[in-house]
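By convention in this document, chain letters (A, B, ...) are assigned in the order of the sequence lines, proteins followed by strands, and residues within each chain are numbered from 1.
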Amino acid sequence: MSEPKIQLTDVAKTFGTRTILDGVNLSVEPGESMAIIGQSGSGKSVTLKCILGLVRPDRGSIRVDGEEVVGAHGRDMERIRAKFGLLFQGSALFDSLPVWRNVTFGLTRGRNREPARMRKIAEENLERVGLDSRILNLRPSELSGGMQKRVALARAIAPRPEIIFFDEPTTGLDPIRADVINDLIVSLVNDLGVTALTITHDMASARKIAHRVAMLYQGRIIWRGPRDRLYDSGNPYVDQFVLGRAEGPIT
Amino acid sequence: MMAVRVGGALFAFFVGIGRVAIGLLATIGRVTLFALNTIRRALTPPYYPGKLFEQIAHIGWFSLPVVCLTAIFTGAALAQQTFTAGSRFNASSTVPGIVVMGIVRELGPVLVGLMVAGRVASAMAAELGTMRVSEQLDAMTTLRTDPFRYLIGPRLFASIIALPVLVLIANCLGILGGYLIAVYKLGFNATSYLTISRNFLEADDIGMALVKAGVFGFFIALMGCYYGFRADGGAAGVGDATRTAVVSAFVLILLSNLLITVTAFG
């Protein structure tokens, strides 16, 4: 059995008096697509930020390819971060830069280098997410929400990361556009062979893009299993959540 | 019963003072760490010279109109006031000296500092604050670009470079404003006005103006970046950050101005 790509052991994080994560254990295998589902405020985003080193957990260990993330800094952190691509919930495109510089930002690290080659790379990556080169010189604010999301996706995959995080990839999109994004994620995971970790509360999206699903509730993983078991998990919390019922153990 | 109530109120009063004092010290500590962190990281590669020049243009070049306007009008008004006050005891000949001293040592640096703080600290806080709340700063970090090197360092150094240049220009124009009023309205002789001005002015005065300008530039960018970088809570949070940045920059400019003046002449 190979080493897990990402392994979280007993990760906990408290902000002030609010406990967000209370001993999260999770492992993601190489090439696997995992989805974490859970209510708003259940700690999904904080889990991602901990893995990325943007938030430091109070205790526990996070290993990426066997290398400890907690407490890493400087060059080590940079090397680990180079493995990740992240699609932000609100796209988080740099609104002062044109689309092509946004897409290649991870390669140039913000510098205006080799513009001709970078435009070519931007074009290739935009094509991969179904956008054409006419938008290369536009500003992010001139694009629709769905297009912004796709540009953000192109930006996340441009440096060819080994692991991609999708933070609520379909939130704020209509069902058709959401499904376009789902298809893109599935094809990226298959074509590029990346490991994917998605946080979402969109069940259709979780079922489509993930191999396995884990549910986060009150700072802990209370259920994990293959996506086909999502609707017959036998867990009352998961049942209530996936069926979207107001009544049940979750209040 | 009464004594207990008075005691309680007194206790709450001191607790309040203590809380404010601790809050202030904590903020000073955080700002200092932020500044040291920025300087340390900005001085190590990768460097972003393009960003530095862009910021110098933003802070320096685009502040010129408002700075020029302020300097000329203030110099002119100062000359008129000095003349009016001086003529009450036959001392109207002090006009050139007072205009030169007043503009170069105090009004030039302070007015430029306040003008640029209003223009630039607010813009920095709003821009960085928006980037913070829309997760652009996190996005930048995950794309392996350090916001301290890419965004904050260039702003800090550009501000320290641009302010002295702006103050030099403002000083020249302030003196020109005084000259215009003195010669064309108050009847001074042009040549002797300039000669007296020249004699009054010493290299130390200009040196002090430049030191003040550099310090003000540092505080302006530091406040704009610090509060922008820490913004949270959406549009309202960005608004708060912008206001606090400008007010703190104003206070720091006035405080440090007094401190430098008193230290230099004390």
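- For Ser134(B), the part lying under 4.5 angstrom from a heavy atom of chain A is the backbone only.
- In terms of heavy atoms, Thr242(B) sits closest to Ala125(B) at CA-CB, 3.8 Å.
- Using a 4.0 Å cut-off between charged nitrogen and carboxylate oxygen, Lys120(A) and Glu114(A) do not count as a salt-bridge pair.
- Heavy atoms closer than 4.5 Å to chain A are found in both the backbone and the side chain of Met140(B).
- Residue Phe216(B) is tested with Asn257(B), Leu114(B), Val112(B) for a side-chain contact (heavy atoms from CB on, under 4.5 Å); the sole match is Asn257(B).
- A cation-pi arrangement is found for Arg155(A) relative to Phe94(A), the charged atom lying closer than 6.0 Å to the ring centre and inside a 45° cone about the ring normal.
- Looking at Asn112(A), there are no atoms closer than 4.5 Å to chain B (heavy atoms on both sides), in backbone or side chain.
- In this structure, Tyr47(B) has its ring center at least 6.0 angstrom away from the ring center of Phe157(B).
- Ranked by non-hydrogen atom pairs under 4.5 Å with chain B, the options Ala156(A), Gly85(A), Gly110(A), Gly53(A) are led by Gly110(A).
- Counting heavy-atom pairs closer than 4.5 Å to chain A, the top residue among Leu137(B), Thr141(B), Thr130(B) is Thr141(B).
- Note: Leu93(A) leads Thr108(A), Leu93(A), Leu86(A) in heavy-atom pairs under 4.5 Å with chain B.
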